[in-house]
Amino acid sequence: MILLQVNNLSKSFGVEPILENVKLEIQEGERVALVGRNGAGKSTLLKVIAGEYNYDSGDIMKPKDVTIGYLAQDSGLESDETIWNEMLTVFTDLIEQEKTLRRMEADMGSERILNDAAAYERLLSSYDEEQHTFKERGGYQYEATIRSVLHGMRFYPDDFERRIDTLSGGQRTRLALAKMLLQSPDLLILDEPTNHLDIETLAWLEKYLN
């Protein structure tokens, strides 16, 4: 499956051409490195693909349901939430679905439902379907996934209640990367993601992406 096609893309700032006739195709499962000298337009190309910059000519095509995650160079996470609460925002839909399951479980024990066999069967059927969907979407493991990714980015349980706006720039950059990984877009675009990673964290990131 083709995730992205770029055809004859050109971009100028004023009268200075930055990108000319760029062609690029990314298939599902591919890992692509963009290499070039400083000022060659690498970051500009990534911003154009991510939709942060417009372009002068050419085409960018991707399937409608393909999601793109973009992490700019040295971009730190901005939030007044704690580390843990901010990571939970990635899973808002699952958290709401979990609340729905708890409400359905409570209803199963209510006298009104227990005294109505047909209503009980309908509720049980709906619950089974909701629970199956919840499980398929990772509903029983999202907290473990958060802990695993935070650990990989060198944030530990004692850090989880720290407010993000009290962290250093490097820490907020690592958190931005952690949140992007948790969002798990179809196409992940990282601009110089290793700037604030030590060798151990870099090795973890490579393994995680594989």
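- Looking at T44 and L46, their side chains never come closer than 4.5 Å, going by heavy atoms from C-beta outward.
- Y120 has its side chain out of reach of D116: every pair of non-hydrogen atoms, C-beta onward, lies at least 4.5 Å apart.
- Open room surrounds CG on D158; 12 or fewer heavy atoms of other groups in view lie less than 6.0 Å from it.
- S148 has its side chain out of reach of H151: every pair of non-hydrogen atoms, C-beta onward, lies at least 4.5 Å apart.
- Hydrophobic clustering (ILVMFWY, side-chain heavy atoms < 4.5 Å, transitive): L150 and I95 are in one cluster.
- Between E98 and Y142, the shortest heavy-atom contact is OE1-OH, 2.9 Å.
- The OH atom of Y127 sits 3.5 Å away from the CD atom of E105 when rounded to the nearest 0.5 Å.
- Considering every non-hydrogen atom in both F134 and L94, the closest pair reads CE1-O, 3.4 Å.
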Candidate pair Q27 and E25, rule side-chain hydrogen bond (donor to acceptor under 3.5 Å, both in side chains), full reasoning: CA-CA 7 Å; Q27 300 272 353; E25 181 177 288; 2.9 Å; yes
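- Two different hydrophobic clusters hold V32 and Y208 under the rule that ILVMFWY side chains link at heavy-atom gaps under 4.5 Å.
- There is a path of hydrophobic side-chain contacts, each under 4.5 Å, that joins L71 to L167.
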Residue pair Q131, L101: steps toward the side-chain contact (heavy atoms from CB on, under 4.5 Å) verdict: CA-CA 7 Å; Q131 189 179 45; L101 286 170; 4.2 Å; yes
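- Looking at P185 and I68, their side chains never come closer than 4.5 Å, going by heavy atoms from C-beta outward.
- E28 has its side chain out of reach of L187: every pair of non-hydrogen atoms, C-beta onward, lies at least 4.5 Å apart.
- One finds a salt bridge joining E78 and R172 here, because a Lys/Arg side-chain nitrogen approaches an Asp/Glu carboxylate oxygen to under 4.0 Å.
- Within the model, atoms CD1 of I146 and CD of Q141 stand 11.5 Å from one another, a figure rounded to the nearest 0.5 Å.
- In the hydrophobic cluster analysis, where Ile, Leu, Val, Met, Phe, Trp and Tyr join through side-chain heavy atoms closer than 4.5 angstrom, F91 is grouped together with L175.
- The main-chain N or O of L181 is never found under 3.5 Å from a side-chain atom of S184 such that the two would form a donor-acceptor pair.
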Check against side-chain contact (heavy atoms from CB on, under 4.5 Å), R147 and W84: CA-CA 9 Å; R147 291 190 186 93; W84 182 256; 3.8 Å; yes
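- Under the 4.5 Å side-chain criterion, counting only non-hydrogen atoms from C-beta, V22 is not in contact with V48.
- Between I83 and D159, the shortest heavy-atom contact is CD1-O, 3.3 Å.
- Judged by distance alone, the side chain of D186 and the main-chain N or O of T67 form a donor-acceptor pair under 3.5 Å.
- Counting only distance, with no hydrogens or angles, the side chain of S110 and the backbone of A106 share no donor-acceptor pair below 3.5 Å.
- To the nearest 0.5 angstrom, L34 atom CG is 8.5 Å from D191 atom CG.
- Nearest heavy atom pair, residue G76 against residue A176, reads C-CB, 4.3 Å.
- Annotation for L19 and L45: closest pair CD1-CA, 3.8 Å, computed over non-hydrogen atoms.
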Verdict with supporting geometry, Q171 and S168, side-chain hydrogen bond (donor to acceptor under 3.5 Å, both in side chains): CA-CA 5 Å; Q171 288 173 318; S168 69; 3.2 Å; yes
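- L4 places a side-chain heavy atom less than 4.5 Å from the side chain of I49.
- The 12-atom threshold is exceeded at CZ of R102, counting heavy atoms of other residues, nucleotides or ligands nearer than 6.0 Å.
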Worked check of side-chain hydrogen bond (donor to acceptor under 3.5 Å, both in side chains) between D56 and S10: CA-CA 6 Å; D56 302 324; S10 296; over 6 Å; no
Test log, rule side-chain contact (heavy atoms from CB on, under 4.5 Å), inputs Q5 and I26: CA-CA 7 Å; Q5 278 186 315; I26 300 177; over 6 Å; no
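- Within the model, atoms CD of Q73 and OG1 of T173 stand 10.0 Å from one another, a figure rounded to the nearest 0.5 Å.
- The shortest side-chain heavy-atom distance between R137 and D93 falls under the 4.5 Å cut-off.
- Proximity of a side-chain donor or acceptor of R163 to a complementary backbone N or O of E161 within less than 3.5 Å is not detected.
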T89/K179 under side-chain contact (heavy atoms from CB on, under 4.5 Å): CA gap, chis, key distance, verdict: CA-CA 9 Å; T89 63; K179 187 175 180 179; 3.6 Å; yes
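- Hydrophobic clustering (side-chain heavy atoms under 4.5 Å, transitive across Ile, Leu, Val, Met, Phe, Trp, Tyr) groups L209 together with L182.
- If you take NZ on K62 and CG on D65, they are separated by 8.0 Å, rounding to the nearest 0.5 Å.
- E192 CD to T194 OG1: the interatomic distance, rounded to the nearest 0.5 Å, is 6.5 Å.
- Across V149, T82, L77, T145, a single residue satisfies side-chain contact (heavy atoms from CB on, under 4.5 Å) together with M87, and that is L77.
- Applying the 6.0 Å contact sphere to CG of N210 captures more than 12 heavy atoms from other residues, nucleotides or ligands.
- A donor-acceptor pair under 3.5 Å is absent between the side-chain atoms of N85 and the main chain of E81, judged by distance alone.
- Cation-pi geometry between K11 and Y53 is satisfied (NZ or CZ under 6.0 Å from the ring centre, within 45° of the ring normal).
- Side-chain contact, R122 with S125: no donor N or O sits under 3.5 Å from an acceptor N or O.
- The minimum heavy-atom distance linking G36 with K42 is given by the pair O-NZ, 2.9 Å.
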